[in-house]
Amino acid sequence: MKNLMMVISGAVMLVSVHAYAGGDFDKYDADGNGVISKDEASSDSALAKQFSQLDTNNDGELSKEEFANFSGK
């Protein structure tokens, strides 16, 4: 039972992080195409600085999943 509660707690926390990141994601996705380009990321110096690290598939864009790892610092 304790393990089940830990799994559920972890899942809830993960969903919360993605929901929070989704709100910020929309702020940076200026053209609303579902990804953040390097140009869009340049509006925030911290995001621009982390862009290459966050772009794990090296396609030049950030998906919501990639953006979820943005620290904001």
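This structure is a prediction, so every number in the text was calculated from the model and none was measured. Residue numbers start at 1 and run along the sequence shown. Just so it is clear, the values below take in all heavy atoms, side chains as well, and ignore hydrogens, waters and symmetry mates.
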Under 3.5 Å, is there a donor on one side chain and an acceptor on the other for Glu61 and Ser37? no
Taking all non-hydrogen atoms of both residues into account, name the closest pair between [X] and [Y] and its distance.
| X | Y | value |
| --- | --- | --- |
| Gln50 | Gly72 | NE2-N, 4.0 Å |
| Glu40 | Ile36 | OE1-CA, 3.3 Å |
| Asp29 | Asp31 | OD1-OD1, 3.0 Å |

Phe51 reachable from Tyr28 in the ILVMFWY side-chain graph, under 4.5 Å edges: yes
Exam field: side chain Asp55 to backbone Gly60, donor-acceptor pair closer than 3.5 Å: yes
Between the main-chain N or O of Ala48 and the side-chain N or O of Asp44, is there a donor-acceptor pair closer than 3.5 Å? no
Can you list everything that forms a ring-ring contact (aromatic ring centres under 6.0 Å, His included) with Phe70? Sequence neighbours excluded, please. Phe67
Any heavy-atom pair between the side chains of Leu62 and Leu47 that's under 4.5 Å? yes
pair Glu66-Asn57: side-chain heavy atoms closer than 4.5 Å: yes
OG of Ser71 to NZ of Lys49: how many Å apart, nearest 0.5 Å? 10.0 Å
